[in-house]
Amino acid sequence: MDENTTTIMAALATLPPHQLSNLTHSIFSETLRRRRRLAALLSSQTLFSLSLRRLHSLSLHDKTLLIARHLLSSLRLLTTTTITTNNIPPIKARDSDAVLLLLHLCEVRQHNPAALETTPFEWRATLRGLYADTLLSFGTGIGVHNGSLLVPYIETVARCLRFVTGERKVGGDVAAAVSTVVALPSAVASGGAECAICREEMRGGREVCELPCRHLFHWRCVLPWLKKRNTCPCCRFQLPTDDVFGEIQRLWEVLIKMISTSGGGVGMKE
Ligand SMILES: [Zn+2]
Ligand SMILES: [Zn+2]
């Protein structure tokens, strides 16, 4: 197991049993859906050729972005307890097929490099044979124990993370998601506290902005701030963003925080 896999496992281990069981259930349905789709792709020459052609038409940058989006949907599933309001659209059907095929090709190349030393025309038969073997080794998937489904799912997430962080440096400032910003609640200042952005007092009775971490700011100060960054000026709490890579970074930190706050820590850390 690599470092990313271990981190995700450790984060999931902090969940209470009912949440873990819900999560396992969602992962089960999602895995089943993806496997059925991949089986359909490998069974139909037309679907297979279309997806392969789609993959060939993508630049490395587009492929990275596609894997990043796929990774994001997996990470969202793993961090269901947190807010996920942003405008990142779901993956289109043809791209979803292309990324399933791409990930399957990467996996085959890793475990069985010789299998792809034929012309792409022959790939489908080879991949289909290998895929049937994988399915057999997993059993039918009904009533299987948590680990046998969770682990392959998490390993795919870790593989995508390696790919995405290898191709593009994750990090840097990104704007908070517009849909999140417009949904931020107002609070009434009690007076005496200062706004950490302008260092001026928030006078009592005034409407101020409250971030999910409970920190308060003048509306006129926080709005321009969130156009440039998605973090709280006081505690660096991360708001959702419309940037795919920024969002991956945020959800990854949510997982890390799950581990660090599980040792008796309550609520948000300052
Ligand atoms: Zn201010
Ligand atoms: Zn804060």
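Remember, it's 1-based here, ligands and their atoms both numbered in the order they're listed.
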Give a yes-or-no answer on whether the side chains of [X] and [Y] include a donor-acceptor pair shorter than 3.5 Å.
X      : Y      : answer
Glu207 : Ser186 : yes
Trp225 : Thr231 : no
Asn4   : Thr7   : no

**Asked** Got a sec: does the CD of Glu3 have more than 12 other heavy atoms crowding it under 6.0 Å?
**Response**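 Open: at most 12 neighbouring heavy atoms sit under 6.0 Å from CD of Glu3.
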**Message:** Quick check with a 6.0 Å cut-off and a 45 degree axis cone: is Arg250 positioned over the face of Trp252's six-membered ring?
**Reply:**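 Here Arg250 fails the 6.0 Å and 45° test against Trp252.
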**Trace of the side-chain contact (heavy atoms from CB on, under 4.5 Å) decision for Asp2 with Arg162** = CA-CA 10 Å; Asp2 77 348; Arg162 266 203 309 281; 2.6 Å; yes
**Request:** For the Zn ion (ligand 1), report each protein N, O or S atom nearer than 2.8 Å, sorted by chain and then by residue number.
**Result:**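 Within the sphere that stays under 2.8 Å of the Zn ion (ligand 1), the protein atoms of type N, O or S are Cys195 SG, Cys198 SG, His218 ND1, Cys221 SG.
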**Prompt:** N/O/S of His215 less than 2.8 Å from the Zn ion (ligand 2)?
**Reply:**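 So His215 counts as coordinating the Zn ion (ligand 2), yes.
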